[in-house]
Amino acid sequence: KRYGMEQPPDFYDRSYHKRGHWKLHYTESHYYPLWTVIADRIRHMGAQRILDIGCGPGQVACLMRDIGVLDYKGLDFSTARVERARQVCPEYDFIAADVFKDDSLNAYSYDCVLMMEFLEHIDRDIDVLQRVRPGTTVLATVPNFPAAGHVRHFASVSEVEARYGAVFAKLD
């Protein structure tokens with residue numbers, strides 16, 4: 001396993017097929033407690049047009065559908081994960097693409113961007129964040145542990161603030 005390096009799409013296709021938790025209903029996922037916080041924030045702010053970068057196999061999309069989000073677009077460069085997302089949540093739009101080659105951040109009309117467990121996987125995380133329309137709420141999560149596929153992880157909140165604080169008008 002290579003640590004500290006970006007991985008190609010087939011790495012994520014393989015990990016999807018290897019781990020069963022990606023195929024569980026969102027309420028059965030070990031990420032569910034975190035996702036409920038995200039869902040609560042989306043409900044509280046009234047967001048109805050979500051762009052999810054690194055959407056994975058559609059578990060979060062199903063949660064967004066179930067809380068009444070009207071329009072959701074998921075982007076992931078793992079074709080296996082996007083195929084699953086399309087199966088479990090056909091009401092929404094999913095694209096298998098590289099965020100640096102896709103125009104969704106410019107072309108799609110969103111009021112909230114999700115980046116959950118995405119930023120740590122790419123070298124140019126700041127570049128992606130800077131492409132989000134000014135004034136848009138970004139809900140993002142990052143890990144505190146190393147893993148294959150993680151370019152970085154964070155040992156503390158202050159490390160997250162040091163990396164991303166200058167990109168956001170308000171970082172909470």
Side-chain angles (χ1 to χ4, degrees), residues 9 12-13 15-16 19-122 124-144 149 157 160 164 167-172:
Y12 297 99
D13 289 343
S15 74
Y16 166 74
R19 293 186 180 93
H21 73 89
W22 295 115
K23 297 172 186 82
L24 296 173
H25 186 270
Y26 67 82
T27 58
E28 298 175 35
S29 170
H30 61 280
Y31 289 110
Y32 181 61
L34 171 66
W35 293 340
T36 61
V37 172
I38 298 295
D40 185 62
R41 290 187 180 181
I42 287 171
R43 249 191 309 240
H44 179 72
M45 64 190 266
Q48 286 297 318
R49 298 181 60 83
I50 307 291
L51 176 59
D52 188 354
I53 311 265
C55 67
Q59 292 161 306
V60 171
C62 289
L63 175 56
M64 295 298 104
R65 176 198 61 211
D66 293 350
I67 67 166
V69 170
L70 298 176
D71 195 357
Y72 169 104
K73 183 174 188 172
L75 174 73
D76 201 295
F77 80 165
S78 165
T79 55
R81 293 171 195 237
V82 167
E83 286 172 10
R84 172 70 177 184
R86 288 175 178 153
Q87 290 172 2
V88 299
C89 200
E91 302 87 345
Y92 290 150
D93 185 25
F94 297 93
I95 298 172
D98 181 326
V99 70
F100 295 104
K101 296 176 182 170
D102 180 79
D103 194 35
S104 294
L105 279 164
N106 296 324
Y108 179 63
S109 177
Y110 51 82
D111 53 18
C112 179
V113 174
L114 299 181
M115 295 183 186
M116 295 182 299
E117 305 302 304
F118 163 74
L119 295 168
E120 71 273 13
H121 292 275
I122 59 172
R124 295 171 42 213
D125 54 337
I126 302 296
D127 291 347
V128 173
L129 290 169
Q130 289 175 332
R131 290 178 49 209
V132 174
R133 286 187 202 105
T136 301
T137 297
V138 175
L139 299 175
T141 61
V142 290
N144 63 353
V157 170
V160 175
Y164 300 118
V167 179
F168 295 102
K170 180 184 173 203
L171 179 63
D172 181 18

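Since the model is a prediction, treat every value here as computed from it, not as a measurement. If you read the sequence from its start, that first residue is 1, and numbering goes on from there.
No donor-acceptor pair closer than 3.5 Å links the side chain of Gln87 to the backbone N or O of Gly58. Formation of a donor-acceptor pair under 3.5 Å by the Gln130 side chain with backbone atoms of Val167 is not found in this model. Tyr12 places no side-chain N or O within donor-acceptor distance of the main-chain N or O of Phe77, the cut-off being under 3.5 Å. Distance alone, capped at 3.5 Å, places no donor-acceptor pair between the Ser29 side chain and the Tyr26 backbone. Distance alone, capped at 3.5 Å, is enough to place a donor-acceptor pair between the Asp76 side chain and the Gly56 backbone.
Summarising the geometry of Phe168 relative to Val138, their closest heavy-atom pair is CE2-CB, 3.7 Å, with the distance given to 0.1 Å. Taking every heavy atom of both residues into account, Gln59 and His21 meet most closely at NE2-O, 3.0 Å. When all heavy atoms are compared, the tightest approach of Val69 to Ala47 is CG2-O, 4.2 Å. The two residues Gly149 and His121 make their nearest non-hydrogen contact at O-ND1, 2.9 Å. In plain terms, the two heavy atoms of Ser104 and Ile95 that are nearest each other are OG-CD1, 3.9 Å. When every heavy atom of Leu63 is checked against every heavy atom of Ala39, the shortest pair comes out as CD2-CB, 3.9 Å.
Counting heavy atoms from C-beta on, the side chains of Arg41 and Ile38 never come closer than 4.5 Å. Side chains of Phe94 and Glu83 form no contact here, defined as non-hydrogen atoms less than 4.5 Å apart. Proximity of Cys89 to Tyr72: side-chain heavy atoms (C-beta onward) are nowhere separated by under 4.5 Å. With a 4.5 Å cut-off on side-chain heavy atoms, Leu119 and Leu129 count as touching. In this structure, the side chains of Cys112 and Leu139 come closer than 4.5 Å at one or more pairs of heavy atoms. Pro9 is not listed as a side-chain neighbour of Arg81, based on a closest heavy-atom distance of 4.5 Å or more. At a threshold of 4.5 Å between non-hydrogen side-chain atoms, the residues Leu105 and Val128 count as touching. Side-chain contact between Arg84 and Trp22 is absent, with no heavy-atom pair separated by less than 4.5 Å.
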- Test log, rule side-chain contact (heavy atoms from CB on, under 4.5 Å), inputs Tyr31 and Thr141: CA-CA 11 Å; Tyr31 289 110; Thr141 61; over 6 Å; no
- Evaluation steps, side-chain contact (heavy atoms from CB on, under 4.5 Å), between Arg65 and Tyr92: CA-CA 8 Å; Arg65 176 198 61 211; Tyr92 290 150; 3.7 Å; yes
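When Ile53, Ile50, Asp52 are each tested for a side-chain contact (heavy atoms from CB on, under 4.5 Å) with Val113, only one passes: Ile53.
A salt bridge links Asp71 with Arg49: the distance from a Lys NZ or Arg NE/NH1/NH2 to an Asp or Glu carboxylate oxygen falls below 4.0 Å.
The environment of NE2 in His44 is sparse: at most 12 heavy-atom neighbours from other residues, nucleotides or ligands sit within 6.0 Å.
Interatomic distance, Ile42 CD1 to Ile67 CD1, rounded to the nearest 0.5 Å: 5.5 Å. Atoms CZ and CE, from Arg43 and Met64 in turn, are 8.0 Å apart once rounded to the nearest 0.5 Å. How far CZ of Arg133 is from CG of Asn106: 7.0 Å, rounded to the nearest 0.5 Å. Taken from OG in Ser109 to CD in Gln48, the straight-line distance is 12.5 Å, to the nearest 0.5 Å. Here Thr136 contributes atom OG1 and Arg131 contributes atom CZ; the two are 13.0 Å apart, rounded to the nearest 0.5 Å. The distance from the CG atom of Asp125 to the CG atom of Asp127 is 8.0 Å, given to the nearest 0.5 Å.
In the model, Tyr108 has no side-chain atom that pairs as donor or acceptor with a side-chain atom of Asp93 under 3.5 Å.
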